[in-house]
Structures are given as C-alpha cells and as structure tokens.
Amino acid sequence: MSTFRSDFLHTLHERGFIHQVSDEAGLDALFAKETVTAYIGFDPTAPSLHAGGLIQIMMLHWLQKTGHRPISLMGGGTGMVGDPSFKDEARQLMTVDTIEANIASIKRVFSNYLAYEEGPNGALMINNAEWLRSLNYLEFLRDVGRHFSVNRMLSFDSVKTRLEREQSLSFLEFNYMILQAYDFVELAKRYDCRLQMGGSDQWGNIVNGIDLGHRMGTPQLYALTSPLLTTASGAKMGKSVNGAVWLNADMLGPYAFWQYWRNTEDADVGRFLKLYTTLPMDEIARLVNEAQGSGINEVKKILATEVTAMLHGRAAAEAAAEAARKTFEEGGVSADLPTVEVAAAELEAGIGVLAAFAERTGLVASNGEARRQIKGGGLKVNDASVTDEKALLTARDLNADGVIKLSLGKKKHVLLRAV
RNA sequence: GGGGGAGUGUCCCGAGCGGCAAAGGGGGCGGACUGUAAAUCCGCUGGCUAUGCCUUCGUAGGUUCGAGUCCUACCUCCCCCA
C-alpha cells in the first residue's frame with residue numbers, strides 16, 4: 001500500500017491524494033513501465049470550477065510532471081444529463097448554450113496547470129460531446145446498454161439515498177453512469193487512456209467504466225480516487241465567507257483567492273501545502289516544523305502565495321500578499337483591494353452609508369443588513385466604526401489617495417474611488 | 001386501484017390551541033478573546049421611501065373581522081394494503 005515504485009503514484013501517495021485505487025500493484029507496474037494516459041472529467045455545471053475541484057487539477061498536474069499524459073475531459077455531453085451521484089435531488093437541466101458557455105469559461109484555468117502541447121505527454125483538452133451527442137439510441141442500447149445490469153446499478157451507494165427515500169431518480173439521470181462508463185471506453189480506444197481519476201464520489205462511476213472496458217475489449221483499465229476533502233473542522237472545501245471560491249479571476253479576484261488560503265485552519269496547513277502547492281516535500285516538512293504557535297501565520301502566507309501564484313501568476317499572488325500586508329499589518333489602505341467607482345458629483349452631494357455598503361459595494365446584502373451590522377459594530381468607514389445609519393459619505397471622507405475604505409468586520413474591505 | 005402520513009422563514013433540519021414576521025437547532029454574519037487560526041462566550045440572521053407599509057408556511061380557491069393553522073380541488077413525496 002505505501003511503497004510505490006512509479007514516480008506518479010509515489011508522489012500522489014506521499015502528498016495525500018490517494019483514497020482508493022482499483023489495482024495498486026498493476027497500476028504501479030504500468031506507470032513504471034510506460035507513458036500512461038489518464039483523464040479526469042469536469043462537468044460544466046457553472047462558469048468556473050471552484051477550490052473543491054483544484055485537487056483534481058493538481059492530480060493531472062502531477063501526472064504530467066512525472067512524465068505521463070493528462071486529459072482534461074469537458075462534460076459537454078454528460079452535462080446534458082447531470083450526475084445524480086450522492087445528490088438528493090435532480091438538478092435543473094441546462095441548455096446547450098449554457099453548457100457550451102460554461103465549458104468555454106472553465107477551460108481557461110487549465111493551461112495554468114497543464115501544458116497543452118505536442119509531444120508524448122502533451123495534455124489534451126477533449127469534450128465528450130464529440131461522441132455522446134451523435135449517438136444513435138438503438139445502436140447504443142445494443143452495443144453498450146446490454147452490458148449493464150440494472151440490478152447492479154441499483155445497488156450503488158451513489159444512488160441509494162435517492163432510491164430509498166426523498167426524491168425520485170429519473171431515467172435520464174440513471175443513464176449518467178452509463179455515459180461516463182462509455183466515455184472511459186471511448187477514451188481508451190481513441191487515446192489509449194488507461195486510468196480515470198476523480199473524487200471519491202466518482203468511484204462507482206469509474207468502476208463501471210472498467211467493467212464496460214472488460215466487456216468491450218479494451219486493455220485493463222484502472223481507477224484512482226482522491227479523498228473527499230474537508231477542513232479540519234469539517235467544512236467542505238471551496239466555500240468562503242462570500243460564497244464559492246471560484247478559480248476564474250472574473251468571478252473571484254486574486255486578492256480574495258489569496259485570502260481564502262491565508263485563512264486556512266492551523267491543523268490543515270501541512271496537508272494543504274502538500275495537496276495544493278508544488279513545494280518539495282522536505283521543504284514543506286521544514287516549514288511545518290519551524291512554525292511554532294503564531295509563527296504558523298508566516299507559513300499560511302507562503303501557502304496562500306504559492307496556491308495563488310499557480311492559478312493567477314506569481315505577480316498577482318505577490319500583489320495580493322502585499323495588499324494583505326498593508327491592510328492587516330499596517331492597518332493602512334492598499335490600492336489593490338477590490339475597488340468600486342462612484343461619480344465625483346454624486347460624492348459631492350453625499351452618499352448614504354447604507355447605500356454605500358449595500359447597493360454600491362455589495363459588502364452587505366441589503367439596507368436592513370447594513371443597519372443590523374451598524375448596531376453590532378461591524379461596519380467601518382476609513383477604519384472608524386459607523387454609528388449613525390443616516391450618515392453621509394462625502395468628498396471630505398476621501399483619503400490622501402482619493403479613496404474611501406469601507407469595511408465589514410475585520411477582513412472584508414472595499415475601496416470607493418471617485419471618478 | 002384502496003388506506004394512512006407529509007410538504008413551514010427560497011441555506012438546511014424542524015416546532016407551530018384561528019391573532020404569526022412565525023419556537024428551537026445547524027449553518028452563516030458581526031462582536032469579545034487570539035495570531036486575519038481553532039475552541040469558547042455574546043449579538044444578529046424577510047424587504048422597504050420604516051412609530052408605518054409590503055412579501056412569506058407545496059399550488060389555486062373558499063370559510064372568517066382575522067388562516068401556516070379550518071374546508072375544497074390540484075401537485076409532489078413517503079408508508080401500508082392490492
């Protein structure tokens with residue numbers, strides 16, 4: 001279990017990526033012997049992946065880095081069905097337009113982690129719409145459907161909750177696992193893809209693909225899943241104070257992304273360094289060992305900067321780190337904080353604090369929320385608590401840099417800039 | 001097909017004799033303590049042009065001064081019988 005000969009499995013294991021593998025010895029031997037092609041599927045359910053999906057991307061990254069060929073598979077076909085695994089109700093069906101738009105948007109982050117280039121281990125970006133959308137129903141049933149036992153499909157944990165209580169499982173969704181299995185076989189045939197990876201919730205779907213491969217005459221296929229990641233206190237990865245931690249910069253800026261990692265719980269720092277950065281293992285060990293008490297904050301900054309640098313580039317990561325330093329350690333104002341512009345004339349006339357926090361910057365959801373926060377001492381203008389909900393912000397509140405700093409709590413800041 | 005039960009604050013779970021903006025949790029947000037951590041403690045957790053107004057308890061009607069609460073129909077789900 002713990003000693004792998006191949007670079008790839010050895011690396012994945014020591015960094016904590018492995019939850020389950022279908023045939024450890026066999027897969028290890030394969031990786032030690034030849035360049036292996038492996039894939040992970042991404043469903044286009046939103047215009048961006050979030051931090052929860054980062055672990056999958058990192059697995060592909062290591063795959064390529066250890067000399068093998070990664071395939072990032074976009075679910076342009078499977079997205080039309082929707083994966084019911086471990087969901088307690090059906091998702092709303094997406095239109096083809098939405099799916100295509102989501103894929104185009106999701107794709108953008110991959111090139112930061114994978115090299116899409118010619119060559120034996122150049123990464124491939126593939127869309128399963130390519131073969132799924134043109135399937136002929138009757139042919140598909142006869143060629144592929146006959147290999148599936150409904151009895152067995154009903155026994156999977158991934159659909160059990162749906163079957164035993166709550167909501168119904170539509171025939172449409174029930175087909176998802178068949179399509180995903182078919183994808184694996186199709187990729188095996190077209191690209192000699194031998195391994196499918198994914199989150200632990202994908203185990204059943206992946207194993208179905210292996211079985212289908214047996215029946216349809218592919219070489220031996222393999223499954224590898226990563227653990228379902230939660231923080232040390234049990235929260236799911238990828239949620240932050242403002243909602244999901246999106247990877248796309250237009251949905252979550254580098255500064256906010258950096259902040260998410262900066263706020264990692266102490267107990268998670270070592271684990272996250274291994275999973276989400278490419279720092280060498282001995283250096284990670286050194287960092288974690290040296291961090292005594294509050295010294296761990298320095299390590300959290302390294303974590304945040306490394307993770308952000310991979311996604312948004314080194315320069316953006318360092319700008320985010322610097323913005324945070326000015327804001328938190330000097331109590332000052334950094335021009336790199338999120339900024340909202342207002343017309344100088346409006347500011348001259350005066351903008352109500354409630355409007356400034358709610359409508360203009362969206363720091364709070366409504367005027368009512370702003371009032372409550374004022375009562376609780378949560379809103380600040382230029383670092384001074386707001387006590388009067390009728391107060392007006394005017395040009396006099398602009399600081400030397402021509403901005404007004406609005407804060408919700410200690411961590412969320414937005415600058416109001418007059419233009 | 002027959003019988004029984006259930007759908008509650010658009011994050012979730014859940015109480016609710018006809019006067020309810022609706023108990024209690026969880027989650028979330030803010031405050032205190034700290035280290036931009038965890039744990040703990042405290043406050044808040046429908047909207048608004050706000051001593052008032054508007055919207056909310058599966059959907060649509062009805063009874064009533066007044067309905068989450070009663071009646072009718074419909075939708076969805078669960079359980080038992082066939």
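Bear in mind that the values here come from a model prediction, so they are computed numbers and not experimental data. Letters A, B, ... are given to chains in the order of the sequence lines, protein chains preceding strands, and every chain is numbered from 1.
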What's the spacing between [X] [atom1] and [Y] [atom2] if we round to 0.5 Å?
{"X": "A:Met59", "Y": "A:Leu224", "atom1": "CE", "atom2": "CG", "answer": "6.5 Å"}
{"X": "A:Tyr182", "Y": "A:Asn175", "atom1": "OH", "atom2": "CG", "answer": "14.0 Å"}
{"X": "A:Thr327", "Y": "A:Lys411", "atom1": "OG1", "atom2": "NZ", "answer": "13.5 Å"}

If the [atom1] atom of [N] is compared with that of [M], how far apart are they to the nearest Å?
{"N": "B:U40", "M": "B:U34", "atom1": "C1'", "result": "11 Å"}
{"N": "B:G28", "M": "B:A37", "atom1": "P", "result": "14 Å"}
{"N": "B:A50", "M": "B:U59", "atom1": "C1'", "result": "32 Å"}
{"N": "B:C33", "M": "B:G26", "atom1": "P", "result": "24 Å"}
{"N": "B:G47", "M": "B:C65", "atom1": "C1'", "result": "27 Å"}
{"N": "B:G7", "M": "B:C17", "atom1": "P", "result": "12 Å"}
{"N": "B:A39", "M": "B:A21", "atom1": "C1'", "result": "34 Å"}
{"N": "B:U45", "M": "B:G25", "atom1": "P", "result": "13 Å"}

Any base atoms under 4.0 Å from [X], or only sugar-phosphate, or nothing? Heavy atoms, all strands.
{"X": "A:Thr327", "result": "nothing"}
{"X": "A:Glu329", "result": "nothing"}
{"X": "A:Ile296", "result": "base"}
{"X": "A:Arg372", "result": "sugar-phosphate"}
{"X": "A:Lys300", "result": "base"}

Out of [options], whichever nucleotide has its closest atom nearest the side chain of [X]:
{"X": "A:Leu408", "options": "B:G30, B:A38, B:U36", "value": "B:G30"}
{"X": "A:Lys410", "options": "B:A37, B:U34, B:U45", "value": "B:U34"}
{"X": "A:Glu265", "options": "B:U36, B:C29, B:A38", "value": "B:A38"}
{"X": "A:Ser366", "options": "B:G35, B:G47, B:C29", "value": "B:G47"}

Should [X] be listed as having a side-chain N or O under 4.0 Å from OP1 or OP2 of [N]?
{"X": "A:Asn367", "N": "B:A50", "value": "no"}
{"X": "A:Arg371", "N": "B:G46", "value": "no"}
{"X": "A:Lys411", "N": "B:A37", "value": "yes"}
{"X": "A:Thr264", "N": "B:A37", "value": "no"}

Among A:Thr78, A:Asn208, A:Asp43, A:Asn205, whose side-chain hydrogen bond (donor to acceptor under 3.5 Å, both in side chains) with A:Gln180 holds? A:Asn205
Could you state the [atom1]-[atom2] distance from [X] to [N], rounded to the nearest angstrom?
{"X": "A:Asp268", "N": "B:U36", "atom1": "CG", "atom2": "P", "result": "18 Å"}
{"X": "A:Glu369", "N": "B:A50", "atom1": "CD", "atom2": "P", "result": "19 Å"}
{"X": "A:Leu379", "N": "B:C29", "atom1": "CG", "atom2": "P", "result": "15 Å"}
{"X": "A:Glu389", "N": "B:G30", "atom1": "CD", "atom2": "P", "result": "19 Å"}
{"X": "A:Phe357", "N": "B:C29", "atom1": "CZ", "atom2": "P", "result": "17 Å"}
{"X": "A:Asn263", "N": "B:A39", "atom1": "CG", "atom2": "P", "result": "13 Å"}

With salt bridge (Lys or Arg N to Asp or Glu O under 4.0 Å) as the criterion, how do A:Glu306 and A:Lys301 come out once you've worked through the C-alpha distance, each side chain's angles and the decisive distance to 0.1 Å? CA-CA 8 Å; A:Glu306 289 300 315; A:Lys301 290 178 200 168; over 6 Å; no
Determine whether A:Lys274 and A:Met281 make a side-chain contact, defined as any pair of heavy atoms from C-beta on separated by less than 4.5 Å. yes
Answer yes or no: side-chain N or O of A:Gln259 and base N or O of B:U36 forming a donor-acceptor pair under 3.5 Å. yes
Whether A:His61 side chain and A:Tyr113 backbone form a donor-acceptor pair below 3.5 Å: yes
What does B:G43 pair with, Watson-Crick or G-U, if both distances are under 3.5 Å? B:C29
